[in-house]
There are 2 protein chains.
Amino acid sequence: MSVSRTATDGAKTQRGSRKEAEDAGIELGELSEMLGYPLKRAQLKIFEDFLRCMAPLQLTPAQFSVLLLLERNPGRNQTEIASTLGILRPNFVAMLDGLESRELCSRVRSANDRRSHHLVLTDKGRAALARAKKLAAKHEARLNELLGPANRTALVAMLTKVADEF
Amino acid sequence: MSVSRTATDGAKTQRGSRKEAEDAGIELGELSEMLGYPLKRAQLKIFEDFLRCMAPLQLTPAQFSVLLLLERNPGRNQTEIASTLGILRPNFVAMLDGLESRELCSRVRSANDRRSHHLVLTDKGRAALARAKKLAAKHEARLNELLGPANRTALVAMLTKVADEF
DNA sequence: TATTGTTATACTCTATAACTATA
DNA sequence: TATAGTTATAGAGTATAACAATA
């Protein structure tokens, strides 16, 4: 497996697909039958499209997921939010700095335990998240079109099973 | 979305899952219904397990996919192999250096066009690939156990569709 | 002594520009 | 001039160790 590529801006970069150019009929062979290869390619495509949809709000998938978690779980500390998302605490610091400097969330020193910060969405953060959800919904709707609602649900269920139980 | 973590060695690192520790019942909310989140988590799990299975051969998913492509498409040049896998040519150089220094493949200057290299597996590379395929088969077999063969096939088909058509 | 947030740091991936040698 | 391979480099993302403040 391999598969790479990013799309921060809207511009198309090169593409590893057999559509574009002169791959001149290279055979993928057993690669296409293994789960990992299409899984990675699909993940890149999805994130790419998510970024495009989210461009007006300038939110990455990771940032969006943090805002969602803060909305659903206000007042949690950094360790809790970071570990839930599989982000290491040291790496979460700069990420929060970014969100906080854009005034989308804020750190509030806990009264009980003055080591930890309660994390909360600001009003601006709540507003941005509301808009972001609508943009994300369009993204998901396009997937429903491509796969059909039942298949999309089944796909999410299988991926969740793999993520949780494999 | 977010989701991270790597597993180069066999050791367990921390985990973002709701199993391990004191996430103290944090709600994922709509995150679990979006495709991107479980997609990324599943991809990480799969690659992690692939690495574990491949540990005796010390092959990454990307390296394995290159060897597979060389076997199926001997004599292609770097540009062709790299672009098929979505690897940028500059980044493919070091990767090939690694495989070549382990004598798994070799670059052969083309007689027609002395700018390009025909890439071919060495005998050692063919042998390593044969072993690697067996280890990869175990990995895929475990997935078949988890999902059932029909579901696994459907999963691969849907991911391929997303990767190709979304 | 343990934990929270943090800094520093390093390593891998991915991306772009520009060089060289050929064509 | 264009292309193949390459170098240099920069930016994300991810990983670990260690420190200060607090418990």
Side-chain angles (χ1 to χ4, degrees), chain A residues 1-9 11-16 21-24 40-41 43-44 47-48 51 58 60-63 65-66 75-83 85-98 100 106-119, chain B residues 1-9 11-16 21-22 24 40-41 43-44 47-48 51 60-63 65-66 75-83 85-98 100 106-119:
Chain A
M1 294 148 227
S2 132
V3 183
S4 48
R5 217 161 319 40
T6 295
T8 310
D9 53 354
K12 306 290 180 184
T13 317
Q14 71 151 189
R15 195 139 292 280
E22 56 312 83
D23 292 23
K40 178 79 180 185
R41 292 193 85 92
Q43 185 263 309
L44 289 171
F47 271 46
E48 206 178 299
L51 254 341
Q58 286 286 93
T60 65
Q63 291 172 322
S65 62
V66 169
R76 297 297 193 143
N77 68 25
Q78 297 182 198
T79 300
E80 292 170 321
I81 298 297
S83 92
L85 293 175
I87 301 170
L88 293 169
R89 270 106 65 226
N91 298 331
F92 194 50
V93 173
M95 192 176 166
L96 262 191
D97 288 348
E100 209 177 10
S106 62
R107 297 182 239 225
V108 183
R109 273 238 116 81
S110 165
N112 317 337
D113 184 342
R114 295 183 39 74
R115 288 172 302 182
S116 71
H117 296 149
H118 294 321
L119 299 179
Chain B
M1 294 151 228
S2 130
V3 183
S4 45
R5 217 161 317 43
T6 297
T8 309
D9 52 354
K12 306 290 179 182
T13 316
Q14 69 148 194
R15 194 139 292 281
E22 57 312 82
K40 178 80 181 184
R41 293 192 85 91
Q43 185 263 308
L44 289 171
F47 271 46
E48 205 178 300
L51 253 342
T60 66
Q63 292 172 321
S65 63
V66 169
R76 297 298 192 140
N77 67 26
Q78 297 181 197
T79 300
E80 291 169 322
I81 298 296
S83 93
L85 293 174
I87 300 171
L88 294 168
R89 269 105 66 226
N91 298 332
F92 194 50
V93 174
M95 190 175 167
L96 263 191
D97 288 347
E100 210 178 9
S106 63
R107 298 183 237 225
V108 182
R109 274 236 115 83
S110 164
N112 317 337
D113 185 342
R114 296 182 38 74
R115 289 172 301 182
S116 70
H117 296 151
H118 294 321
L119 299 180

Any residue meeting side-chain hydrogen bond (donor to acceptor under 3.5 Å, both in side chains) with B/H117, in chain and number order, not counting sequence neighbours: B/Q78, B/R109
Could you tell me the separation between the CD atom of A/E80 and the C1' atom of C/dT3, rounded to a whole number of Å? 12 Å
Would you give the length of the straight line joining atom NZ of B/K40 to atom CG of A/L85, rounded to the nearest 0.5 angstrom? 12.5 Å
For B/N91, enumerate each residue passing the side-chain hydrogen bond (donor to acceptor under 3.5 Å, both in side chains) test, keeping only those at least two apart in sequence or located in another chain. none
More 5' along DNA chain C: A/S116 or A/D97, using each one's nearest nucleotide? A/S116
Rounded to whole angstroms, how far apart are CG on B/L51 and P on D/dT14? 15 Å
Given atom CG of B/N77 and atom P of D/dT6, what is their separation to the nearest angstrom? 11 Å
Can you tell me if A/T79 touches the phosphate of C/dT3, counting only side-chain N or O atoms and a distance under 4.0 Å to OP1 or OP2? no
Quick check for you: to the nearest 0.5 Å, what is the distance between A/R115 atom CZ and A/S110 atom OG? 9.5 Å
Spacing between B/Q43 atom CD and D/dG13 atom P, to the nearest angstrom: 14 Å
Closest to side chain of B/H117, choosing from D/dT6, C/dT7, D/dT14: D/dT6
How far apart are the closest heavy atoms of B/L51 and B/T60, and which atoms are they? CD1-CA, 4.0 Å
Per-nucleotide protein contact string for nucleotides 18-23 of chain D, where B marks a base within reach and S marks sugar-phosphate only (heavy atoms under 4.0 Å, - for neither): ---BBS
Whole-Å distance between D/dA4 C1' and B/R76 CZ? 15 Å
Between C/dT14 and B/R89, is there an OP1 or OP2 to side-chain N/O distance shorter than 4.0 Å? no
What is the distance, rounded to the nearest whole Å, between atom CE of A/M95 and atom P of C/dT7? 17 Å
What's the NE2-C1' distance between A/H118 and C/dG5, to the nearest Å? 14 Å
Look at the side chain of A/L88 and decide which nucleotide, out of D/dT6, C/dT6, D/dT16, has an atom nearest to it. D/dT16
Rounded to whole angstroms, how far apart are CG on B/N91 and C1' on D/dT7? 12 Å
With rounding to the nearest 0.5 angstrom, report the CD1 to CZ distance, A/I81 to A/R76. 7.0 Å
Can you name the residues that form a salt bridge (charged side-chain N to carboxylate O under 4.0 Å, His left out) with B/R114, not counting sequence neighbours? none
